Amino acid sequence: MICLGVEGTAHTLSIGIVDQDCKVLANTGKMIDGSKGGIHPREAANHHAENMVPLMHDAVSKAGVSYKDIGLVAFSQGPGLGPCLRTAATGARALALTLGVDLIGVNHCVAHLEIGRKVTGCGDPTLLYASGGNTQVIAYSGGRYRVFGETLDVGIGNMIDKFGRSMGLPFPSGPHLERLAREGSELVDLPYSVKGMDVAFSGILTAAIQLHKSGKRLEDVCYSIQETCFAMLVEVTERAMAHVEKDEVLLGGGVVQNKRLQGMVRTMAEERGARMFVPPGSLCVDNGAMIAWTGLVMHNAGVRTRLEDSAVRQRYRTDEVDLPWML
Ligand code: ATP
Ligand code: FE2
């Protein structure tokens, strides 16, 4: 069976089409421009509404299939921004009803994990999910994917983008921060904040802007942001791995494309006799293929989403999801 997945939790609308073997037939996406200062949920939702039909047509044509070949429609049911989620869900419902096929609501964070497991071939990993809006460490334990640690304030990517915006860097700023950090060498003091298993980034943002104002080189500030924030992520990930006794670490989310972060996680994993797995970039960022694939996994395990249960869930937690395919 072929599944079409609609991802629309935040500023990206993406349509993916995958088959039963997780062959990605299409994975097209469009992101609203966030360079002017954050995303307004309503504007992002309008962006998704405008692009929904053209992107669906584009995906179907790129996949070399026709609409009647699609046997299942999956959508990102949450967590995310309400107006964006509702727009994505409306598009998915309309398509499923038109085609007369099943509809399935997917948890966005679980989708990052499932696509990563499938394409990297790891079995039972601890996921470090670091993106714009999310920063979580997730692992399978006691029949659920559980969140072992997460950000107490902003996602790491949002912090990087906010810093970049105040420095006049292009959006998204992550790749520019990484490039500048390579030219940095002096580690300036930023507030390392790990609280129990959780992390916080807003203090680092304020301090980094202040340090640059007081004359520290941008390259050194970027370098220090990376060293400090990534060390925090690695510390929490390692502690979760030790706690659940897992020897695989999987990366997901746009921020994990950062080579320095990958290097630090790899070193930690090797020192523990564990292995690191990184999906290709197009499957790390928010994408429709991961929603489509997770929809198929769920559907194969007998999960169904009735139309009346397809309302979006802005605060849909990772550990609320039943995982019959893991039994
Ligand atoms: P979510 O809704 O899951 O929170 P998102 O749409 O905000 O996701 P992604 O598409 O997963 O995010 O990732 C985008 C983020 O990744 C941006 O904040 C961007 O700056 C960051 N990013 C991309 N490349 C890099 C990099 N090389 N280094 C650091 N951050 C990066
Ligand atoms: Fe995401």
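Note that the coordinates shown come from a computational prediction; the quantities given were computed from them, not determined experimentally. Order of appearance sets the numbers: ligands from 1, and atoms from 1 within every ligand. Atoms considered below: every heavy atom in the structure, side chains included; atoms not considered: hydrogens, waters and symmetry mates.
- Counting heavy atoms closer than 4.0 Å to ligand 1, residue H108 contributes side-chain atoms (C-beta onward) but none from N, CA, C or O.
- Salt-bridge annotation for D247 and R275: absent, with no side-chain N of the basic residue lying under 4.0 Å from a carboxylate O of the acidic one.
- A donor-acceptor pair under 3.5 Å is formed between the side chain of E248 and the backbone N or O of G123.
- Every atom of ligand 1 is numbered from 1 in the order shown, and the set under 4.0 Å from a heavy atom of G253 is 11 (O).
- Under the 4.0 angstrom criterion for non-hydrogen atoms, L177 is not in contact with ligand 1.
- Here R217 does not pair with E183 in a salt bridge; the nearest charged N to carboxylate O distance is not below 4.0 Å.
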Y67 vs H57, test: ring-ring contact (aromatic ring centres under 6.0 Å, His included). Steps then yes/no.
CA-CA 9 Å; Y67 277 102; H57 288 338; 5.8 Å; yes
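- Ranking protein heavy atoms by distance to atom 27 (N) of ligand 1, first place goes to E178 OE1, 2.7 Å.
- Atom 30 (N) of ligand 1 has as its closest protein heavy atom G174 CA, 3.4 Å.
- Of all atoms in ligand 1, listed by their number and element, those nearer than 4.0 Å to a heavy atom of G157 are 18 (O).
- A salt bridge between D198 and K195 is absent, with no side-chain N of the basic residue lying under 4.0 Å from a carboxylate O of the acidic one.
- Not a single donor-acceptor pair under 3.5 Å links the side chain of H212 to the backbone N or O of A208.
- Within ligand 1, the atoms closer than 4.0 Å to a non-hydrogen atom of T9 are 2 (O), numbered from 1 in the order shown.
- Looking at V285 against ligand 1, both its backbone and its side chain come within 4.0 Å, counting heavy atoms.
- Listed by chain and number, the protein N, O or S atoms at a distance under 2.8 Å from the Fe ion (ligand 2) are H108 NE2, H112 NE2, Y129 OH, D286 OD1.
- Residue H11 has at least one heavy-atom neighbour below 4.0 Å for each of these atoms of ligand 1: 5 (P), 6 (O), 7 (O).
- Scanning the protein for heavy atoms near atom 13 (O) of ligand 1, the closest one is G254 CA, 3.2 Å.
- Closest to atom 7 (O) of ligand 1 among all protein heavy atoms lies G132 CA, 3.0 Å.
- Of the charged side-chain nitrogens involved, at least one lies within less than 4.0 Å of a carboxylate oxygen, so that R317 and E150 count as a salt-bridged pair.
- Of all protein heavy atoms, the one closest to atom 28 (N) of ligand 1 is N258 ND2, 3.0 Å.
- More than 12 heavy atoms of other residues, nucleotides or ligands sit less than 6.0 Å from atom CG of D33.
- Per-residue contacts place S173 under 4.0 angstrom from the following atoms of ligand 1 (heavy atoms of the residue considered): 20 (O).
- Salt bridge R117/D124: absent, no basic N to carboxylate O contact under 4.0 Å.
- Of all the heavy atoms of D286, the ones lying under 4.0 Å from any atom of ligand 1 are found in both the backbone and the side chain.
- Using a 4.0 Å cut-off between heavy atoms, Y129 contacts ligand 1 through its side chain alone, with no backbone atom that close.
- With values rounded to the nearest 0.5 angstrom, H40 atom NE2 is found 15.0 Å from H11 atom NE2.
- The protein atom (non-hydrogen) at minimum distance from atom 21 (C) of ligand 1 is V255 CG2, 3.8 Å.
- One finds the CG atom of N134 at 7.0 Å from the NE2 atom of H112 (value rounded to the nearest 0.5 Å).
- Atom CG of L296 sits about 4.5 Å away from atom SG of C3, to the nearest 0.5 Å.
- In this structure, OG1 in T151 is found 5.5 Å from CZ in F201, a value given to the nearest 0.5 Å.
- Per-residue contacts place P172 under 4.0 angstrom from the following atoms of ligand 1 (heavy atoms of the residue considered): 19 (C), 20 (O).
- Using modelled atom types, one finds a donor on one side chain and an acceptor on the other under 3.5 Å when comparing T9 with E7.
- A salt bridge links E227 with R260; the closest basic N to acidic carboxylate O contact falls under 4.0 Å.
- Between T12 and ligand 1, a contact under 3.5 Å exists for no N or O pair.
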Please report, to 0.1 Å, the donor-acceptor pairs under 3.5 Å made by any side chain of residues 235-244, with sequence neighbours excluded.
from: E235; atom 1: OE1; to: Y192; atom 2: OH; distance (Å): 2.4
from: E235; atom 1: OE2; to: R239; atom 2: NH2; distance (Å): 2.5
from: T237; atom 1: OG1; to: L233; atom 2: O; distance (Å): 2.6
from: R239; atom 1: NH1; to: G196; atom 2: O; distance (Å): 3.2
from: R239; atom 1: NH2; to: G196; atom 2: O; distance (Å): 3.4

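- Those atoms of ligand 1 with a heavy atom of S131 less than 4.0 angstrom away are 1 (P), 3 (O), 4 (O), 8 (O), 11 (O), 12 (O).
- With hydrogens left out, the protein atom closest to atom 17 (C) of ligand 1 is D161 OD2, 3.4 Å, a heavy atom.
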